[in-house]
Trainee: 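Next up is a structure, given as structure tokens.
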Amino acid sequence: MDATTLDQVRTVVREISTAAKALRLYPPSSPMPRQSAASAANALSEYLSVAPVLSLGVVKEGFEFAGEDLGLSGLGAGDLSGLLQSHGVAELSFLPGCTTEELIAFLAAALSPPEEILEAGGLAAVMAGTGVQRVSISEVALTVAEDTMPAEDQDIDQFLRELASDSSAFGAWLAAAVENDPAAVEESLLELSTVVGDAGRPALVESLADAFRDHEETRDTLLSLALGSGETRELVADLFPRLGVEDVASSVCASSYGRNMMSLSTALTELPIADRFGPIMAQVREMLPEYGHTDREQGFLEHMIEVKRVREEEDALTAVDPSYQEMAEEARVTREEMDSMLAEIGGSKDESFRVAARTLLSLLDQQRDFALYCRTLDTLAAMVPRLISAGDLDTAREVLEELSMREQRADQPWPELTDHLRSAMSTATDGTSMASLIESVAKDPSRSADARKIVQAGGDRAPTLLVKEALGAKDGSLDVAEQILGRRMNDVLPALAPRVQWFQVSSLVRRLSDNGDKRSMEALESLAERSDAQSRREVATRRGHTTNPATLRMLERLLRDPAPEVCIAAARALSRCGHSDAGAILAGRLKAIDVDGKDFMLAKELINALAAVPDEDATAGLERLAGRRALIKRGHFAEVQALARDALKAQRKAGGA
């Protein structure tokens with residue numbers, strides 16, 4: 001075939017594949033797919049100016065032209081051919097005059113789900129309905145080569161035994177199974193092996209060998225089974241002695257394992273061909289150039305096979321040369337010695353930080369250049385978090401006090417110095433420093449006074465950072481923060497409430513509830529009205545531990561929240577808050593919802609909550625549900641009644657009303 005013609009056809013296929021990709025990403029009216037389709041139409045027009053028609057065969061992962069594979073599977077053509085195969089297209093033809101609009105309509109139909117196209121009468125019918133006249137398709141014609149289904153009165157096991165011994169029927173069945181449901185092939189072969197038993201196994205293996213030779217589409221699947229670890233490995237392995245050397249070599253090279261040398265080396269070393277490895281490998285060497293593999297690739301294959309065929313473990317160096325063992329014994333370090341060295345290293349490192357900080361403080365006042373002064377100041381500020389983390393609060397406090405004193409004095413002739421000093425102290429008391437402070441005071445509460453001075457030196461921002469770090473840390477950290485801040489904690493918490501994340505709300509609610517002052521209660525109200533359901537749920541969960549009237553009002557409001565998880569949390573909180581009006585609130589809410597229909601899940605939670613409330617209102621609400629009567633029991637009527645009766649029993653057992 002003329003090389004120029006073949007190149008023109010490849011160009012057309014590439015352009016059409018590009019247009020299909022663009023249509024996947026953009027609607028047909030967008031500029032991108034229209035430009036791609038116009039480019040494909042131009043390429044088609046150029047080819048069809050000298051030919052009456054362009055016919056392409058749709059094959060696995062690509063297209064054929066005049067019986068020759070175009071070799072474009074890796075350039076997008078494989079996706080397009082897969083689309084067409086899903087619609088049952090075997091051949092695709094383009095006629096002169098094919099326009100951009102027709103190409104877009106054809107590709108849009110091909111990109112539609114196959115089941116929708118099938119319901120509309122098939123791809124050809126859809127194309128005709130959208131005005132596509134110069135693109136035609138030939139659909140796959142499926143014919144039954146041989147009836148391989150058992151008769152109605154035939155024993156199924158007998159049928160399977162006959163199938164296993166009939167190589168022609170077995171090959172047709174296996175090819176169809178690989179094409180339509182490759183995942184079920186292994187299970188089917190195991191079933192066949194079980195049915196035929198030991199007596200019929202040789203005939204089954206012979207049929208497998210014939211199918212391997214006669215049906216190329218089965219080879220990849222059978223090779224995978226032979227290389228796998230499943231129960232079929234032994235069965236499939238028995239077919240290889242029945243294959244010739246050339247059959248094995250050509251099938252492995254042409255399979256998916258032959259695409260790269262790493263996979264090919266695995267196949268050649270793992271397949272059950274050890275007794276004929278030499279002749280098969282020689283045949284593979286001859287075939288590699290035919291499949292486009294270079295001498296360099298062949299060298300890599302030889303190396304990988306050599307590596308993978310080495311099965312023996314190498315002796316340890318200590319066994320080969322005793323001197324290695326002697327050196328290892330002399331270099332052995334005990335756990336106690338290691339701990340001692342680590343402690344010494346850690347102590348020397350902490351001491352070096354301490355000395356470095358004091359040295360930088362002494363150098364600070366000696367600087368006469370503003371840029372050098374600022375650089376020294378920034379270095380000193382960056383050391384404070386390291387000092388606090390190391391537990392050296394004394395040096396950290398000393399550094400901050402010195403910086404604060406210089407900020408108040410500021411006798412150098414630099415107008416920007418005050419702002420830079422404040423910025424340095426802010427850097428020195430960042431979130432990392434506050435987290436380390438909490439950890440240090442938690443370990444040694446006597447350091448709370450030093451920690452307080454460090455927070456004070458950090459200005460107005462430091463207390464907020466301290467509480468924020470405490471909210472995000474483990475339980476008990478808020479108590480440590482309060483130990484450091486004292487009464488100032490009550491001022492920080494309400495101000496911080498609007499900025500906390502939902503997973504920090506629980507700790508904050510507990511602390512604000514304990515405070516009970518006006519600002520704290522206002523902050524709680526704002527948390528209960530936040531837009532995210534997680535925060536409102538945390539408020540409801542935590543408020544259930546208090547019994548004041550404000551808590552009851554808030555839980556009653558949250559019980560009507562639009563988010564189901566918030567309502568459930570509020571119901572559970574009311575059941576354990578111990579307030580005398582909790583039962584009436586829960587029973588009233590239960591009465592207001594559609595317990596048998598859309599609100600059934602919430603109703604279950606409310607019934608469970610009422611079961612835990614030992615008062616008359618709760619009992620009355622449950623008895624009302626348990627005693628309902630209806631001619632037609634719709635929805636969850638019976639389930640609600642059963643739940644209410646169980647709740648009454650649980651309430652009585654717990655000593656309720």
Trainee: Working note: Leu235 + Arg201, criterion side-chain contact (heavy atoms from CB on, under 4.5 Å); need CA distance, chi angles, decisive distance, verdict.
Mentor: CA-CA 9 Å; Leu235 171 66; Arg201 187 183 178 93; 3.8 Å; yes
Trainee: Looking at residues at least two apart in the chain, or sitting in another chain, which of them share a ring-ring contact (aromatic ring centres under 6.0 Å, His included) with His293?
Mentor: none
Trainee: Please say whether more than 12 non-hydrogen atoms of neighbouring residues, nucleotides or ligands are located less than 6.0 Å from CG in Asp198.
Mentor: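 No, CG of Asp198 has 12 or fewer neighbouring heavy atoms, counting only those of other groups under 6.0 Å.
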Trainee: Quick check: closest heavy atoms across Ala110 and Leu123, and the distance to 0.1 Å?
Mentor: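 It is N-CD1, 4.1 Å.
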Trainee: For the CE atom of Met281 and the OG1 atom of Thr269, what is their distance to the nearest 0.5 Å?
Mentor: 10.5 Å
Trainee: In Å, rounded to the nearest 0.5 Å, how long is the span from CE of Met261 to CZ of Arg296?
Mentor: 13.0 Å
Trainee: Run Ser165 and Leu204 through side-chain contact (heavy atoms from CB on, under 4.5 Å) and show every step you take.
Mentor: CA-CA 6 Å; Ser165 61; Leu204 174 59; over 6 Å; no
Trainee: Within a strict 4.5 Å, meaning less than it, do heavy atoms of the Leu192 and Phe170 side chains meet?
Mentor: yes
Trainee: With under 30° as parallel and over 60° as perpendicular, where do the rings of Tyr47 and Phe65 fit, or are they tilted in between?
Mentor: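 Taking Phe65 first and then Tyr47, their aromatic rings stand perpendicular (interplane angle over 60°).
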Trainee: Show your reasoning for whether salt bridge (charged side-chain N to carboxylate O under 4.0 Å, His left out) applies to Asp7 and Arg10.
Mentor: CA-CA 5 Å; Asp7 288 341; Arg10 288 194 179 105; 3.5 Å; yes
Trainee: Would you say Asp594 and Phe600 make side-chain contact, with heavy atoms under 4.5 Å?
Mentor: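 SC-SC contact between Asp594 and Phe600 ruled out.
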Trainee: Could you measure the distance from the CD1 atom of Ile137 to the CG atom of Leu84? Nearest 0.5 Å is fine.
Mentor: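 These two atoms lie 8.0 Å from each other.
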Trainee: Do the side chain of Ser81 and the main chain of Phe63 share a donor and acceptor less than 3.5 angstrom apart?
Mentor: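 No, Ser81 side chain to Phe63 backbone: no donor-acceptor pair under 3.5 Å.
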Trainee: Run the numbers on Phe94 and Val53 for side-chain contact (heavy atoms from CB on, under 4.5 Å), then give the verdict.
Mentor: CA-CA 6 Å; Phe94 298 93; Val53 66; 6.0 Å; no
Trainee: So do the side chains of Arg233 and Leu225 get within less than 4.5 Å of each other, counting heavy atoms only?
Mentor: no
Trainee: With side chains defined as the heavy atoms from C-beta onward, is the minimum distance between Leu271 and Val252 less than 4.5 Å?
Mentor: yes
Trainee: Under the rule for salt bridge (Lys or Arg N to Asp or Glu O under 4.0 Å), what residues qualify as partners of Glu101, not counting sequence neighbours?
Mentor: Arg34
Trainee: Any side-chain to backbone donor/acceptor pair from Asp220 onto Ser256? Under 3.5 Å, distance only.
Mentor: yes
Trainee: Quick check: do Glu297 and Leu288 have side-chain heavy atoms less than 4.5 Å from each other?
Mentor: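 SC-SC contact between Glu297 and Leu288 ruled out.
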Trainee: I'd like to know if Arg213 and Asp210 make a salt bridge, using a cut-off of under 4.0 Å between side-chain N and carboxylate O.
Mentor: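 Salt bridge flag = yes for Asp210 with Arg213.
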Trainee: Could you tell me whether a side-chain N or O of Ser535 sits under 3.5 Å from a main-chain N or O of Ser531, the two making a donor and an acceptor?
Mentor: no
Trainee: Is NZ or CZ of Arg219 both nearer than 6.0 Å to the six-membered ring centre of Phe212 and within 45° of the ring axis?
Mentor: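 Relative to the ring axis of Phe212, which defines the angle, Arg219 lies inside both limits.
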Trainee: Which value, rounded to the nearest 0.5 Å, describes the distance between Glu64 atom CD and Ser55 atom OG?
Mentor: 12.5 Å
Trainee: Can you find a pair of side-chain heavy atoms, one from Cys567 and one from Glu605, that are under 4.5 Å apart?
Mentor: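 No; the side chains remain at least 4.5 Å from each other.
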Trainee: When you measure from the side chain of Glu102 to the backbone N and O of Arg134, does any donor-acceptor pair fall under 3.5 Å?
Mentor: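 Checked: pair present.
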Trainee: Within a 6.0 Å radius of atom CD on Glu246, are there more than 12 heavy atoms belonging to other residues, nucleotides or ligands?
Mentor: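 Open.
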Trainee: Please identify each residue that fulfils salt bridge (Lys or Arg N to Asp or Glu O under 4.0 Å) with Glu15, with sequence neighbours left out.
Mentor: none
Trainee: Answer yes or no: is there a side-chain heavy-atom contact under 4.5 Å between Leu208 and Leu174?
Mentor: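 The answer is yes; the side chains approach within 4.5 Å.
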Trainee: Consider only side-chain N and O atoms of Thr18 and Ser36, and report whether a donor and an acceptor are under 3.5 Å apart.
Mentor: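 No, Ser36 and Thr18 have no side-chain donor paired with an acceptor closer than 3.5 Å.
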Trainee: Check for a donor-acceptor pair, side chain of Arg242 on one end and backbone N or O of Val205 on the other, with a separation under 3.5 Å.
Mentor: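 Side chain of Arg242 to backbone of Val205, a donor-acceptor pair under 3.5 Å: no, none is there.
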Trainee: Going through the checks in order, is the side-chain contact (heavy atoms from CB on, under 4.5 Å) test met by Leu118 and Glu115?
Mentor: CA-CA 5 Å; Leu118 190 60; Glu115 56 273 12; 5.5 Å; no
Trainee: Roughly how far, to the nearest 0.5 Å, is OG1 of Thr100 from CD of Gln35?
Mentor: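 Answer for the CD-OG1 pair, Gln35 versus Thr100, is 11.0 Å.
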Trainee: Does Glu91 reach the main-chain N or O of Val58 with its side chain, forming a donor-acceptor pair under 3.5 Å?
Mentor: no
Trainee: For the residue pair Arg386 and Ala382, what are the closest heavy atoms and their distance?
Mentor: CG-O, 4.1 Å
Trainee: Between the side chain of Ser17 and the main-chain N/O of Val13, is any donor-acceptor distance below 3.5 Å?
Mentor: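 A pair under 3.5 Å: yes.
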Trainee: Take Ser263 and Asn260 through the side-chain hydrogen bond (donor to acceptor under 3.5 Å, both in side chains) test and state the conclusion after the steps.
Mentor: CA-CA 6 Å; Ser263 298; Asn260 64 76; 3.2 Å; yes
Trainee: Just one of Val248, Leu222, Asp247 clears the side chain to side chain contact (heavy atoms under 4.5 Å, CB included) bar with Phe240, so which one?
Mentor: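 Answer to the side chain to side chain contact (heavy atoms under 4.5 Å, CB included) test with Phe240 among Val248, Leu222, Asp247: Val248.
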Trainee: If we count only N and O atoms by modelled type, under 3.5 Å, do the side chains of Ser45 and Asn42 hold a donor and an acceptor together?
Mentor: no
Trainee: Any side-chain heavy atom of Tyr257 sitting closer than 4.5 Å to one from Thr266?
Mentor: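 No; the side chains remain at least 4.5 Å from each other.
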Trainee: List the residues meeting side-chain hydrogen bond (donor to acceptor under 3.5 Å, both in side chains) with Asp430, not counting sequence neighbours, and say none if there are none.
Mentor: Ser433
Trainee: Please list every donor-acceptor pair under 3.5 Å in which a side-chain atom of residues 22-33 meets a protein atom from a residue at least two apart or in another chain.
Mentor:
| unit_1 | atom_1 | unit_2 | atom_2 | d |
| --- | --- | --- | --- | --- |
| Ser30 | OG | Pro27 | O | 3.3 |

Trainee: Testing the basics here: between Leu558 and Ala528, what is the closest heavy-atom pair and its distance to 0.1 Å?
Mentor: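 Shortest heavy-atom separation between Leu558 and Ala528 comes out as CD2-O, 3.9 Å.
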Trainee: Shortest non-hydrogen contact from Arg276 to Leu243?
Mentor: NH1-O, 2.6 Å
Trainee: Any Lys/Arg nitrogen of Glu302 or Arg285 sitting under 4.0 Å from an Asp/Glu carboxylate oxygen of the other?
Mentor: yes
Trainee: Ser207: which residues meet the side-chain hydrogen bond (donor to acceptor under 3.5 Å, both in side chains) condition with it, sequence neighbours left out?
Mentor: none
Trainee: Counting only heavy atoms not in Glu46, do more than 12 fall under 6.0 Å of its CD?
Mentor: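 Atom CD in Glu46 is not packed in, count stays at 12 or less.
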Trainee: Kindly compute the distance separating CG (Leu496) from CG (Leu471), expressed to the nearest 0.5 Å.
Mentor: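 One gets 6.0 Å once the value is rounded to the nearest 0.5 Å.
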Trainee: How close do Leu54 and Val9 get, heavy atom to heavy atom, and via which atoms?
Mentor: CD1-CG2, 4.0 Å
Trainee: Do you know which two heavy atoms are closest between Ala497 and Leu508, and how far apart they sit?
Mentor: CA-CD2, 3.6 Å
